[in-house]
Protein chains: 4
Amino acid sequence: MSYFDNVNKVKFEGSDSTNPFAYKYYNPEEQFNGKSMEEYLRFAVSYWHTFTGEGNDPFGAGTAVRPYNHFTGMDLAKARVEASFEFFEKLDVPYFCFHDIDVAPESDSLSETFKNLDEIVLMIKGYMKTSKVKLLWNTANMFTHPRWMHGAATAPNADVFAYAAAKVKKGLEVGKELGSQNYVFWGGREGYDTLLNTDMGFELDNLGRFFHMAKSYANEIGFDAQFLIEPKPKEPTKHQYDFDVATGLAFLQKYDLQDTFKFNIEANHATLAGHTFEHELRTARINGMLGSVDANQGDTLLGWDTDEFPTDLYSTTLAMYEILKNDGLGTGGLNFDAKVRRGSFDTDDLFHAHIAGMDAFAIGAKVAQRLIDDKVLEDFIADRYSSYNNGIGRDIVEGKTDFHKLEQHALQLTQINNKSGRQEQLKSIVNKYLLETFANITVK
Amino acid sequence: MSYFDNVNKVKFEGSDSTNPFAYKYYNPEEQFNGKSMEEYLRFAVSYWHTFTGEGNDPFGAGTAVRPYNHFTGMDLAKARVEASFEFFEKLDVPYFCFHDIDVAPESDSLSETFKNLDEIVLMIKGYMKTSKVKLLWNTANMFTHPRWMHGAATAPNADVFAYAAAKVKKGLEVGKELGSQNYVFWGGREGYDTLLNTDMGFELDNLGRFFHMAKSYANEIGFDAQFLIEPKPKEPTKHQYDFDVATGLAFLQKYDLQDTFKFNIEANHATLAGHTFEHELRTARINGMLGSVDANQGDTLLGWDTDEFPTDLYSTTLAMYEILKNDGLGTGGLNFDAKVRRGSFDTDDLFHAHIAGMDAFAIGAKVAQRLIDDKVLEDFIADRYSSYNNGIGRDIVEGKTDFHKLEQHALQLTQINNKSGRQEQLKSIVNKYLLETFANITVK
Amino acid sequence: MSYFDNVNKVKFEGSDSTNPFAYKYYNPEEQFNGKSMEEYLRFAVSYWHTFTGEGNDPFGAGTAVRPYNHFTGMDLAKARVEASFEFFEKLDVPYFCFHDIDVAPESDSLSETFKNLDEIVLMIKGYMKTSKVKLLWNTANMFTHPRWMHGAATAPNADVFAYAAAKVKKGLEVGKELGSQNYVFWGGREGYDTLLNTDMGFELDNLGRFFHMAKSYANEIGFDAQFLIEPKPKEPTKHQYDFDVATGLAFLQKYDLQDTFKFNIEANHATLAGHTFEHELRTARINGMLGSVDANQGDTLLGWDTDEFPTDLYSTTLAMYEILKNDGLGTGGLNFDAKVRRGSFDTDDLFHAHIAGMDAFAIGAKVAQRLIDDKVLEDFIADRYSSYNNGIGRDIVEGKTDFHKLEQHALQLTQINNKSGRQEQLKSIVNKYLLETFANITVK
Amino acid sequence: MSYFDNVNKVKFEGSDSTNPFAYKYYNPEEQFNGKSMEEYLRFAVSYWHTFTGEGNDPFGAGTAVRPYNHFTGMDLAKARVEASFEFFEKLDVPYFCFHDIDVAPESDSLSETFKNLDEIVLMIKGYMKTSKVKLLWNTANMFTHPRWMHGAATAPNADVFAYAAAKVKKGLEVGKELGSQNYVFWGGREGYDTLLNTDMGFELDNLGRFFHMAKSYANEIGFDAQFLIEPKPKEPTKHQYDFDVATGLAFLQKYDLQDTFKFNIEANHATLAGHTFEHELRTARINGMLGSVDANQGDTLLGWDTDEFPTDLYSTTLAMYEILKNDGLGTGGLNFDAKVRRGSFDTDDLFHAHIAGMDAFAIGAKVAQRLIDDKVLEDFIADRYSSYNNGIGRDIVEGKTDFHKLEQHALQLTQINNKSGRQEQLKSIVNKYLLETFANITVK
Ligand SMILES: [Co+2]
Ligand SMILES: [Co+2]
Ligand SMILES: [Co+2]
Ligand SMILES: [Co+2]
Ligand SMILES: [Co+2]
Ligand SMILES: [Co+2]
Ligand SMILES: [Co+2]
Ligand SMILES: [Co+2]
């Protein structure tokens, strides 16, 4: 059976193509940094937005017209699995990601929920055997059901903590079963709505305990996926504990979990926290903790998580710059944690949106690579910091100085010569690379 | 004497050029919509940021290294005039804009201030005779001196109101003397800091009176420049009365000034008000009130007016789209109300920044024109609204229906067929145009 | 049958009371400005949040435990009516408000929807006969169903426009039937998500046409309720056409609808637009267009409409100040367009929240009244603007001057004497009134 | 000589007083937690805003009318010292704080700058001998002069790093000389404007080195003041490295500086970072790092640091709640890092503003203390988390469980019983305490 009859396998046709269902810039087979572009970028489809999402918003019901909308319960779950693999293959994407209840319906009984999940996981495993698609990461949804209203591992209710542990235990088992390369923790309700009723210190201690137990169990069952924390500052809670990368890092250091985790960084979460996407990537990178990426974009004039498909080429270029400087994402990938707009309601939009995002990241990758090849920023930066290569600068870096010597140096300075930061020029150079890199592509 | 020895006349050298002091995309002589690009885009240099600005910020002193920094008073003012005309000519820009006290120092005595201004205006007029540069607009600074602390035309002090009138009267005379094409009102202190001490209704009535008197006087002296209001939502006041275009429009309608004014729309003011730049342009355009543009950009992760030089090609493309649909800006132009970053402190940065901005708008103009030539958005929109071309839709538009007929129509509908808004696809098409338009340029 | 067994009729017990289900500050019978407090404040319960809302959010399912949750369809609708009147009476609140589909389920067939609505309206009318509660306003929900995805009266689909007309036609009939004092238009989807696919001018023209037809029909059936526009800047759409009061005013003036409408001002919508609540009230007031109030509060550190119950006494005081200066709200009232937090899930919270809000507005009313009685702000402002009482100031206000005379006045000024705005002192005085007004209450 | 003739010594006169130059709520001698209110609250005046600040803003010149405005250079510096001690004594405030260049003018020559500073420090020391006022903290201004344009300890220029070291070295010596209780680091320019030209990892490493050298030197000279980092997310730089408390904590842990520093938390910096003031205080408190407080408030509808005097009683109450739970601030205090509005330009406003702030914190302290005395929040929280007192909850807290046991527990749960968070009720209780605490004050 086919769910997406309108669309055949999406292929690279180049920028001259006017076929809306073709890649214009993303060529999975093209070589890039010693790998194929497909292997380097490691795109993943998010099961929740693409197959489970219905297009509802806080003021409106679902709009999504999906070919499996007439099913319910486990039948719906199974139809979605079928549809998803057709979609993965037509899109020619190498990875996918899911929360437990994206793929299998939650029951009032936890054992029944597990049973549903087991059945679907078996089905997915079957499909994976005959498909190239792999599981980038899985996770447990611990924010939708009312039981999580006050948190999961940070809930004021010990039963909820236990329930969360059971869910993550199962998630780790599922991850192992399906060969997942990472396991993600997004603390959707791990935060608070008002300090008036919250023991923040106690809740964070519990979160630390929870993570240690999770790692223990993963070790016990030999599941060696990379653990990832996905920071977000707010929404749904007023204030989430994993506000941003730096906050997550403080937490991991405090609870001696720094070697256990890396970060899964989402563009829209970065901007909600008041940072650029590239700031969060850089912060993780310089701490050796850049794990994976939720590739989307927000609208900085709106104050909530819009999870738009990434099309801003500045953002994809600067993100890919960080990823290239990180020597890629390791076991991580570029997961489209992105949803079509509510008014983009038909299945064609699912293809349009993913194609838009994949092309945008392919363009960004090439522009960033060329900036690096030409050492545009590297040379500028090397010159800018060159005073640290010798003399007092070198002493500073090598730890061979102190406030006495530095004061002596400062007192004998007759003038301090700063160099212009050249922000405007650098931005115009980025524009030139954006336009020229592509021009070269089309020429060849 | 030369102030900018480092730089010769900036010329168009095409995108292959690696000369930092050349236009790569802006070719002033290229034909565009029946005019030269120079005539169509009507770029203007802002005197305040480029010649008067010192690079200070709320936490730091001026950093700008300028070749006339050793002068003071009228000598400084004259040196700036000399430098400015050298700059205009080297940049090959057709317009400039100024506030009164940008060009001539303010004295404690108003008549002395006027005398200073007269002397400098005479000097500017002399320079204009042998230069192609023209005055896009002038205005009166009624926000810097302490006297304006509570407002100018909306001050709680009648003496301040009178002083403001005298300044604008002089400004109109200066505008006439120099052949200014527009006269701008930016109400920097026309607003309030707290409603606890403010009679908002009274202040707005006074502002209405002030504008009527200004127009009367312009008519009296035969100064037929276009009057422009420049909206801004806040900063320096907590709340400015001209919050955005719509707010300005409500004010102008209420005080019967709608035919007297158009809007001067600044990109960064738009985003501070929670709108996109193109939203404000569109709002003005559909009301026939798009007058001129302060071409800059803000940082939507920062909450103040950063007045950066415009380099974001999405922003310049969508802005130029509105301007093209408006059949250009008439007597208005693209004024770089933009300042180099405080760390971009040398005079080369002034060139880099303007070149960056002019290239960015030239690119935007071409991409937008090509989108229009290919009717990319027009065709999509025509189809999207096609139900209004006949039947009940046509009756609605032609005013031939009422709630009875509409209810009858609705009751007989068996299904409502909406079409996808295709936001993701449209964004990817804009990306394609951005990259392809340029590719074609380089090809020829 | 009783739905709220935990709670008896909520009575005023004074600030000494420790009964959580008692008013501590709101005494409905107390005289206030020649009316009872109940008649002056005109509190209303919002049917949608309090009876229809389920406690869901974008990341979570409903949490609300309600005594009618076991019903469905029309049975549920009827149980809610029963429960609502028990709630109104226990809370002793004089008004309520609803959208059509809050009270009666929507069917696939419009005529069936109308039939459902008729049946419930009849039931409500019956309950109203034996209750003191009246309908403050009703409205049509034109944002939840997928058909409204691109707008209602501003939809690109003429069928949707017609459907909207039919819904409002019915709403006007229902309003007349139930003696509603106002009819509200909140344009939840009247806006756009991207200008790339939007003909903004056309959509606004259609909105103007729609409102004229609505007024015509109201006149035709003799429904003389006040029409109210409720501005909101964004959410659910990226950009709503009725951004704020000023934007609404510009629209109403342009389409000659200014005499037909007033504004329903919501506190949280004000802050989302970058204004204080009191700014929006003031803007409406000085234009004679302050109609009614959606009494809630937002969280200015969050970027979405949280619709919290109003408890901030600064906000209620400054809002009541505007309302008192407006001589009350006329046919309008204080409608709690507010929802209990998702974690406040039981029915007791519905009482706690309304009690919190009613007490907060009663406190605000008394503090504001005392500020006015003591002419605290009035005297300060009179002095601050006193220069307009004679001389050149009086000439300005009376229109007896021009730029010539004003310049003459300015030129002879030797010094300008501004007075301090005293913001800090005024704020400390407001604090004193906040604490002292209450102290006096407890003393008596 | 007297600088503030209008005002005599400000005394506590109680809430009945109508004397604008009296404390209505702050009674320095009143006992509070075993100390006098003066000793507990430890108010400090900020030298920069109150004596050095001129009332300028990015769009306007200074407005402040000060009795020493006719002086310049060292004469001005000395007059300010005289005026400041008169002010401290008239205000009866126990502490003050300053940056080096607040008190003594900066020269082109560093040794000259030091000489100026030495002379003024000597003068200050003399005044301190005959005054009760003490130095809460001092710091070095490393953000105003152009040399700091790209940072101080994080500058790309080693000379600037050395200059910064010399300034801090001197600052530590001055702190020791004047018996300062703390030394503050606010990294005004320690951040970046664009990542395009920034080596963030290198800059942070340098910052770590700098702090270690600073501590070494303080130890060397026996200056045992508490070191404090003052986080701020942005402004003046696009992105400051000490974004918020959590970011600072991550940095301190990474560079092994956690035992060397605590935090100086500013209310307005908290809100600029997207947090409440109390969130930042809580984060510091639960990590044992709450050092001192910059007591001001921002305007959450404005996006820059407004540094307003604190008058919001909710904010002062919740802040004092954290401080009380922290057993006070130790060597820290409540420093008014706040400036009078530009329109509050005369010296009376300096008194009005400080009185407003001191009264506001005194009220907050009493309301918070009474909330704690009555265990309002403590009892609610104890009950809310009571499931962790025994059974599985206790096992979790005591580390006696694992994912196996937790899953077993979860699987046998038939229902999970959450309790309402009661946010609305808790907020109304806070309102009651706000009004009642004061009522009691006036009664006695
Ligand atoms: Co994500
Ligand atoms: Co997201
Ligand atoms: Co401007
Ligand atoms: Co600006
Ligand atoms: Co509302
Ligand atoms: Co709302
Ligand atoms: Co501070
Ligand atoms: Co501050």
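Computed from a predicted structure; not experimentally measured. In what follows, chains are A, B, ... by sequence order, proteins preceding strands, each numbered from 1.
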Given a strict heavy-atom distance threshold of 4.5 Å, which part of [X] is in contact with chain A: side chain, backbone, both, or neither?
X: D/Lys419; result: backbone
X: D/Arg209; result: side chain
X: D/Ser216; result: neither
X: D/Lys234; result: neither
X: D/Asp199; result: both
X: D/Leu204; result: side chain
X: D/Ser420; result: backbone
X: D/Val245; result: neither
X: D/Val376; result: neither
X: D/Ala273; result: backbone
X: D/Phe210; result: both
X: D/Leu413; result: side chain
X: D/Gln408; result: neither
X: D/His212; result: neither

Do you know which of A/Val397, A/Leu426, A/Val160 has the most heavy-atom pairs under 4.5 Å to chain D?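 Most pairs with chain D among the choices: A/Val397.
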
Top contributor to chain D contacts, counting heavy-atom pairs under 4.5 Å, from A/Thr414, A/Leu249, A/Thr247, A/Ile381: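 It is A/Ile381.
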
Taking the side chain as everything from C-beta on, heavy atoms only, tell me whether [X] gets closer than 4.5 Å to [Y].
X: A/Ile416; Y: D/His145; answer: no
X: D/Glu220; Y: A/Asp402; answer: no
X: A/Tyr321; Y: D/Leu195; answer: no

Would a line drawn from the ring center of A/Phe243 to the ring center of D/His275 be shorter than 6.0 Å?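 Ring centroids of A/Phe243 and D/His275 are less than 6.0 Å from each other.
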
Ring center gap for D/Tyr163 and A/His409 short of 6.0 angstrom: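 That pair fails the under 6.0 Å test.
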
Give the intermediate values and the outcome of side-chain contact (heavy atoms from CB on, under 4.5 Å) for residues A/Arg384 and D/Asn157. CA-CA 8 Å; A/Arg384 192 172 188 233; D/Asn157 183 339; over 6 Å; no

Just do the side-chain contact (heavy atoms from CB on, under 4.5 Å) check on D/Asn206 and A/Tyr388 with the steps written out, would you? CA-CA 10 Å; D/Asn206 270 358; A/Tyr388 287 98; 3.4 Å; yes

For the candidates [options], which exhibits the highest count of non-hydrogen atom pairs separated by less than 4.5 Å from chain A?
options: D/Leu411, D/Asp193, D/Ile392; value: D/Leu411
options: D/Thr194, D/Ile396, D/Leu110, D/Leu377; value: D/Ile396
options: D/Glu278, D/Lys427, D/Lys254; value: D/Lys254
options: D/Lys167, D/Met213, D/Met149; value: D/Met213
options: D/Asp395, D/Asn287, D/Leu318; value: D/Asn287
options: D/Ala214, D/Ser109, D/Gly248; value: D/Ala214

Rounded to the nearest 0.5 Å, how far does [atom2] of [Y] lie from [atom1] of [X]?
X: D/Leu196; Y: A/Ile429; atom1: CG; atom2: CD1; value: 9.5 Å
X: A/Leu406; Y: D/Asp159; atom1: CG; atom2: CG; value: 10.5 Å
X: D/Phe114; Y: A/Glu407; atom1: CZ; atom2: CD; value: 5.5 Å

Please assess D/Met200 against A/His279 for the test side-chain contact (heavy atoms from CB on, under 4.5 Å), listing each intermediate value before the final yes or no. CA-CA 10 Å; D/Met200 189 169 146; A/His279 170 87; 4.0 Å; yes

What heavy-atom pair brings D/Ser387 and A/Ala158 nearest, and what distance separates the two atoms?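 Residues D/Ser387 and A/Ala158, closest heavy atoms: OG-N, 2.8 Å.
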
Taking all non-hydrogen atoms of both residues, which atom of A/Ala162 and which atom of D/Ala410 are closest, and how far apart? O-CB, 3.8 Å

Strictly by modelled atom types, are A/Tyr217 and D/His404 linked by a side-chain donor-acceptor pair under 3.5 Å? no

Is there a donor in the side chain of D/Asn197 and an acceptor in the side chain of A/Arg422, or the other way round, less than 3.5 Å apart? no

So A/Tyr385 and D/Glu203, side-chain contact (heavy atoms from CB on, under 4.5 Å) or not? Walk me through it. CA-CA 10 Å; A/Tyr385 292 82; D/Glu203 295 197 356; 2.5 Å; yes

For the CG atom on D/Asp108, are there more than 12 heavy atoms of other groups (residues, nucleotides or ligands in this structure) within a distance under 6.0 Å? no

